[in-house]
Amino acid sequence: MKNSSDFKRLARERLSGRWVIALLAGVVASILGGIGSSGPEITFELNEYGANANLVIGNQTVYSTSGGINSELMAFLVGGAIVIVLAALAFAILYFVLGSVVGVGYAKFNLDLIDLKQPEFGTLFDYFSQWKTTAIASLLQSIYVVLWSLLFIIPGIMASYSYAMTQYIIAEHPELTAGEAISLSKEIMRGNRFRLFCLDFSFIGWHILCAFTMGIGNLWLIPYIQASKAAFYREVSGTEYSHGGEYEYEEPVYEGEIF
């Protein structure tokens, strides 16, 4: 059984000579919501000078209304706020769907990297035909984690690790439904959640160092982490690289329950 250092070593070996495309894929996946990026945000401010409402996407304000507090400007502000809310909802839905598709594509990109295949940037967008499955899977994961978190923070964390392999499963088995992929992730992560936690925790030093680089270091850290997790998936799913250069895939086995 491999440990965190083994997964990280394998990731470094596979990234050697492929850092440029790995960095590019990581940056694009992050921007498009494939790696835990947040969607559009609505902010409201009220002070002695007046009030304003803003639509923020990617930390950039793309629309804003403001004015002093009087009947005409308040009506203008309310109207602008409604526009912002509707625009934000539309952007949020599109961003969420796009992020779910890119997230699965990025998982496949890293699996190709680990599999000694030539990773291609276009892989990020290969799963648009499965957008319903990817979006529903992302939505269900979020709902389940929130529900478990209502019990306490620890069950929520455990649930997030139980469903952590869902994107990799969909990437390799797009014929599965969202519920089946989540259930299969739960099955293969049984007994492996703490191992993935240890892998995540092993990068804590790198995260601290990246903080001193104003986040620039994350350009290299993201591909490193994601390649390591792809290697982790290969081990826990029983599809590790063989000396013959082929993988032996087992038919997915899942239970009806998801929690």
Side-chain angles (χ1 to χ4, degrees), residues 7 10-11 14-39 58 91-142 163-185 188-189 218-241 245-252 254:
F7 299 127
L10 181 59
R14 298 298 193 261
L15 284 165
S16 179
R18 297 183 176 89
W19 276 105
V20 174
I21 190 171
L23 263 65
L24 179 60
V27 169
V28 172
S30 297
I31 293 175
L32 298 182
I35 314 177
S37 298
S38 59
F91 272 114
I93 293 173
L94 292 174
Y95 190 85
F96 180 81
V97 172
L98 177 61
S100 69
V101 171
V102 172
V104 172
Y106 190 48
K108 184 62 168 65
F109 175 92
N110 283 288
L111 287 175
D112 287 345
L113 186 73
I114 293 299
D115 294 350
L116 291 176
K117 298 178 181 178
Q118 181 60 43
E120 298 181 0
F121 178 78
T123 303
L124 296 180
F125 310 100
D126 278 353
Y127 291 87
F128 272 106
S129 60
Q130 283 82 33
W131 68 270
K132 290 182 181 179
T133 300
T134 62
I136 292 173
S138 294
L139 180 61
L140 289 178
Q141 288 179 79
S142 299
Y163 312 139
M165 299 293 104
T166 301
Q167 290 178 317
Y168 298 101
I169 293 170
I170 295 176
E172 293 202 301
H173 303 285
E175 73 280 0
L176 295 179
T177 66
E180 290 169 349
I182 292 174
S183 185
L184 182 54
S185 175
I188 66 177
M189 286 301 291
N218 286 313
L219 295 176
W220 287 266
L221 182 58
I222 288 175
Y224 186 19
I225 292 175
Q226 298 304 317
S228 298
K229 288 187 175 181
F232 175 87
Y233 168 77
R234 276 288 176 238
E235 202 254 8
V236 298
S237 65
T239 57
E240 289 186 277
Y241 188 72
E246 298 291 339
Y247 287 93
E248 293 185 0
Y249 294 95
E250 298 181 357
E251 287 297 320
Y254 56 86

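Quick caveat, the model's predicted, so the values are computed rather than measured.
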Just verifying a value: how many Å separate [X] [atom1] and [Y] [atom2], rounded to the nearest 0.5 Å?
X      : Y      : atom1 : atom2 : result
Leu113 : Leu111 : CG    : CG    : 9.5 Å
Gln130 : His173 : CD    : NE2   : 13.0 Å
Asp112 : Glu120 : CG    : CD    : 8.0 Å
Ile169 : Ile188 : CD1   : CD1   : 4.0 Å
Asn110 : Phe232 : CG    : CZ    : 15.0 Å
Thr123 : Lys108 : OG1   : NZ    : 6.5 Å

Give me each pair satisfying salt bridge (charged side-chain N to carboxylate O under 4.0 Å, His left out) with a member in residues 22-31, each pair once, sequence neighbours excluded.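 Pairs touching residues 22-31 that pass the test: none.
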Can you name the residues that form a side chain to side chain donor-acceptor pair (under 3.5 Å) with Asp126, not counting sequence neighbours?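 Partners of Asp126 by the side chain to side chain donor-acceptor pair (under 3.5 Å) criterion come out as none, since no residue qualifies.
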Not counting sequence neighbours, which residues clear side chain to side chain donor-acceptor pair (under 3.5 Å) with Thr134? List them please.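 Result, side chain to side chain donor-acceptor pair (under 3.5 Å) vs Thr134: Ser100.
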For [X] and [Y], which heavy atoms make the closest approach, and how far apart are they?
X      : Y      : answer
Ala11  : Ile114 : CA-CD1, 4.4 Å
Ile136 : Ala178 : CG2-CB, 3.6 Å
Ala22  : Leu15  : CB-CD2, 3.6 Å
Thr133 : Thr177 : CG2-C, 4.2 Å

Residues forming a ring-ring contact (aromatic ring centres under 6.0 Å, His included) with Tyr127, sequence neighbours excluded: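 Listed in chain order: nothing, the list is empty.
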List the residues meeting side chain to side chain contact (heavy atoms under 4.5 Å, CB included) with [X], not counting sequence neighbours, and say none if there are none.
X      : answer
Phe128 : Leu98, Val101, Phe125
Leu94  : none
Gln167 : Val104, Ala107

Take the angle between the ring planes of Tyr168 and Tyr233 and call it parallel below 30°, perpendicular above 60°, tilted in between.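 Ring orientation of Tyr168 relative to Tyr233: parallel.
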In sequence, state the C-alpha distance, the side-chain angles, and the governing distance for Tyr163 and Leu140, and then conclude on side chain to side chain contact (heavy atoms under 4.5 Å, CB included). CA-CA 10 Å; Tyr163 312 139; Leu140 289 178; over 6 Å; no
Side chain to side chain contact (heavy atoms under 4.5 Å, CB included) between Ile170 and Thr166: does it pass, once the steps are laid out? CA-CA 6 Å; Ile170 295 176; Thr166 301; 3.9 Å; yes
Heavy-atom side-chain proximity of Arg18 to Pro119 below 4.5 angstrom: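 With C-beta onward as the side chain, the pair touches.
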Residues 219-228 side chain polar contacts: donor-acceptor under 3.5 Å, at least two apart:
residue, atom, partner, partner atom, Å
Tyr224, OH, Arg12, NH1, 2.6
Ser228, OG, Tyr224, O, 2.8

Is it true that a side-chain atom of Ser142 and a backbone atom of Ser138 form a donor plus acceptor pair closer than 3.5 Å?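 Side chain of Ser142 to backbone of Ser138: a pair is present.
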